[in-house]
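Since the structure comes first, as structure tokens, the remarks are kept for the end.
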Amino acid sequence: MRMIAFLYVLCCLWLWYPIKVYTPVLKTERVDPRPAGEITSRFDIDEVVKGKSGSILPVKGVLCVGLRFATFRRGNAGEFEVGLQQGNETRGWSVDSDALDDNEFRYFCPGPSFNLMAPFALSVKGRDGTPGKSPTVWLTSDSSLGRANIGGHENTRGLELVVARERRRNPLELIVRDHGAFLVGSLCTLFMGLLSLLWMRRPTV
Amino acid sequence: MVNQDKSLEPTAGAPRECLDAAIASSADIKRWLRIVVVISMLFFLKAAAFAWLVTPLWAIPDEAGHYSYIEDLASGHYPVLGKATMGSDTARSWLGSGVSPRLNWIAQHPPLYYALDAPVVITARALGMNFGQQVRSARLLTAAFGALTLVGLALLVARAAKSLELGLAAAIFTAATPMFLHLSSGVTHDTLLACACAWAVERFFAWQGLRNRARLYTCAGFLAAACITKITALTLAVPLVAIIGVQLISSSEKWNVRLLDVAMVGLLTFLPVAIWMIHNIFVFGNPLVDARILQHTNPRVHIGPWEFATSKPFWQQTLINYVGMIGWSAGGALKIFEITGLPLRTFTAAIFLSSLMCIFSLAGKRFVDYGLLAFCTCLLITMFVFATQDQERTTAISCAVFAVAVLSACGYGIVRTLKSDSQLFALLFASLVVLFFSFLYFFRLWHGYDGVLRATQGRYVYPVLGLITLMMAWPWRMLRVERVGLVFAVFSMVLCDYFYLAQVFKFYDLNY
């Protein structure tokens, strides 16, 4: 039981591993969201996204653009393309449909030359997806950053997107997260588990 | 009253009325109880910290309505559905300034939770706390009920499944369920409902062991509290009182004593909720009035019950939402996300595995004799299914396997009971009530279907949370793998924290 208790402590510590986190600097609001349709081989959506208005913000770290996908809670197959163009620079990513998380943002990082203040074009193009086995991308009624074109037709909605700063989370951040509430919660989890596991060490009656 | 089962009578040294000596020695039970209490206190600390510092205001289902109800009672007004509005501070905080308060749809609920929480809000005001702090103070009582639910579940499962390990596992697994923690950190009556129902069932099983009136009447008291918290508790109270009535009538007491006991239990359980329903009849002409009177409802879509059951994924939706549906409303717009990925699959796998073990344990004594080997077989099947099937299918398969487990337990339990074998009484009782609840839940969804699936929230199963937990714990006892169950429950708590880190915080940062 001591070994299991030791493994349990390791698991609790694993939560503090510095994973990648994304801090939004520009985003659309999730208002009356609608799926844009399955990303099958003929699917094509693009949007010109307005850059951030106002004064220039000093943003440290790498900027990434996130799109929210939905998997319909099923395993999907095939791949699709995500493209980002700003000025003369074009970047593309091939995305495995089965590797997406349902209703989660997938981030695409165009590199250090990406300018948050300038407009950029985003596109999602199907490659070999089939109906019933393809994910979708979310649209929102908040079109403050632009409106999407689906198959060449302008939609009243825009892509649900976020431009965020990517960085590794410092474990110290978790200590002060919500004024230490997560730390308190983690310690409670640790003690609840240890108490139970160590109580089990008693001989069975 | 006669103690019908001497083997379950507590020995002199056992903690009074806590657990039966047949389960473990007196010292062991005392030590176990201390652990359970400490764990529930730690859960309270965690839920209270989340309530005060993590969960944003109005991120709990219907929280603005629940809090407005408390505010009304704290001001000395009883809110009447259709007339009661949200508090102005609540409306401003929730919807923004300049928005006129909406009608409070939560006024459809009975008043117990709100009446208990009103003194907390009054005290918070007296201490000069600001509005946000007043709401967060009201949340602390919900956290306390969440913690008390864990104690009730631990006692219930330990007593009915006769295993201290499983009792503890039941409490810890419930504490690890993200939705339970989420609800415990908000203003909502759901944890009080779960608490009262779990304790009512615990007292019922205690009464099965030692038939004294104190146990019986506390059971009725908890049922009354549950019914006057949320009317859905009737789905537990009616079958529970019915079976108590049958057992009392068939006891060997004098007939007048039997009748008196039946009448007292019925009166204790149903009088408070009956008064509330009579009030509803006078005001609305309908004892079970609900918030649908406040809004235009779409016409019912006619669909056969079988077609509805096979084409609409409401069971899967309920299961997912039972595990985790975070958020509710920010600025009046729905901002919700459902648990996904590894945390969902693990919790679903636990339900699948327990259901599978339940079915196999009922299928043959020889299977049970293999114990650990039988468990490993079930575990391998579970791992295979969850490794090869996607989330949509695994949730659907888990619901189906759970349904088969409930039906098997009902069928086998009835057969064994007819053969005068009372060993499966707890499982039979649990499965029958869960089946009864499932039928009513299905009927309500099907009958109210207007083209959109509504009200498929997992918290709606809280009236039978204790019985579902018991059903899921029972096969671990049969296969003698209680310790494995406890280890699994403990590790699932890490998964709950991981879920908060990987999904919930991200969601809050983006939306609240």
Side-chain angles (χ1 to χ4, degrees), chain A residues 1 4-5 7-8 10-17 19 21-24 27 29-33 66 68 71-76 98 101-105 162 164 169 174 177-200 202-205, chain B residues 23-25 28 31-32 35 38-39 42-54 164-165 168-169 171-172 175-176 181 313 316 320 331 333-335 337-338 340-341 389-393 395 483 486-487 489-491 493-498 500-503 505-506 508-511:
Chain A
M1 203 48 68
I4 293 176
L7 280 175
Y8 179 69
L10 282 185
C11 275
C12 289
L13 288 174
W14 163 76
L15 291 178
W16 296 73
Y17 181 79
I19 57 168
V21 289
Y22 297 89
T23 311
K27 67 184 177 96
E29 293 297 328
R30 187 170 169 79
V31 184
D32 190 20
R68 195 198 287 270
T71 64
F72 300 103
R73 289 193 200 130
R74 66 188 177 207
N76 293 303
D98 201 31
D101 291 324
D102 194 29
N103 293 326
E104 289 287 308
F105 281 101
V162 59
R169 185 183 53 213
L174 285 183
R177 166 97 212 183
D178 293 320
H179 305 282
F182 181 74
L183 175 68
V184 171
S186 292
L187 289 174
C188 289
T189 301
L190 181 70
F191 288 128
M192 284 161 83
L194 281 180
L195 268 175
S196 308
L197 293 172
L198 296 176
W199 167 79
M200 265 205 294
R202 86 200 197 292
T204 313
V205 178
Chain B
I23 300 172
S25 70
D28 242 13
R31 201 177 312 128
W32 178 84
I35 297 282
V38 171
I39 280 173
L42 285 169
F43 176 81
F44 171 74
L45 184 62
K46 183 176 180 177
F50 278 37
W52 202 271
L53 298 164
V54 176
L164 298 182
E165 280 89 353
L168 200 52
I172 287 184
L181 175 62
Q316 295 94 302
I320 292 167
L334 276 181
K335 297 215 167 158
F337 93 94
E338 290 168 339
T340 182
Q389 303 297 316
D390 58 38
Q391 189 172 301
E392 188 190 20
R393 282 198 185 144
T395 45
R483 290 184 164 214
L486 180 51
V487 169
V490 165
F491 277 83
M493 282 196 300
V494 183
L495 213 59
C496 177
D497 285 359
Y498 166 76
Y500 263 81
L501 270 183
Q503 298 181 25
F505 289 153
K506 213 158 59 177
Y508 285 161
D509 290 345
L510 275 174
N511 294 288

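A 6.0 Å sphere centred on CZ of B:R393 holds no more than 12 heavy atoms belonging to other residues, nucleotides or ligands.
Ring geometry, A:Y8 versus B:F491: the interplanar angle exceeds 60°, so the pair is classed perpendicular (tilted spans 30 to 60°). A tilted orientation is assigned to the rings of A:W16 and A:F182, their planes being inclined by 30° to 60°.
Annotation: the span from A:M200 atom CE to B:E165 atom CD amounts to 7.0 Å, rounded to 0.5 Å. Expressed to the nearest 0.5 Å, how far OH of B:Y500 lies from CG of B:L495 amounts to 13.5 Å.
Heavy-atom distances place no part of A:V31 under 4.5 Å from chain B, backbone and side chain included. In this structure, chain A has a heavy atom under 4.5 Å from the side chain of B:A175, while its backbone stays farther away. For A:N103, no part lies under 4.5 angstrom from a heavy atom of chain B. Contact of A:L174 with chain B is made through the side chain alone, with heavy-atom distances under 4.5 Å. Neither the backbone nor the side chain of B:Q389 comes within less than 4.5 Å of any heavy atom in chain A. Residue contact with chain B, scored on non-hydrogen atoms closer than 4.5 Å, is absent for A:Y22.
Annotation: maximal heavy-atom pairing with chain A below 4.5 Å, among B:I172, B:N511, B:L510, occurs at B:L510. Note: B:L501 leads B:L501, B:I35, B:V54 in heavy-atom pairs under 4.5 Å with chain A. Chosen from B:E338, B:M493, B:Q316, B:K506, the residue pairing most often with chain A at heavy-atom distances under 4.5 Å is B:M493. Chain B forms more heavy-atom pairs under 4.5 Å with one residue of A:D178, A:L195, A:L194 than with any other, namely A:D178. Between chain B and the options A:R177, A:H179, A:R169, heavy-atom pairs under 4.5 Å are most frequent for A:R177.
Side chains of B:T340 and B:Q391: a donor-acceptor N/O pair is present below 3.5 angstrom, by distance only.
In this structure, B:D497 pairs ionically with B:K46, as a charged nitrogen and a carboxylate oxygen lie closer than 4.0 Å.
A heavy-atom distance below 4.5 Å is found between the side chains of A:M192 and B:F43.
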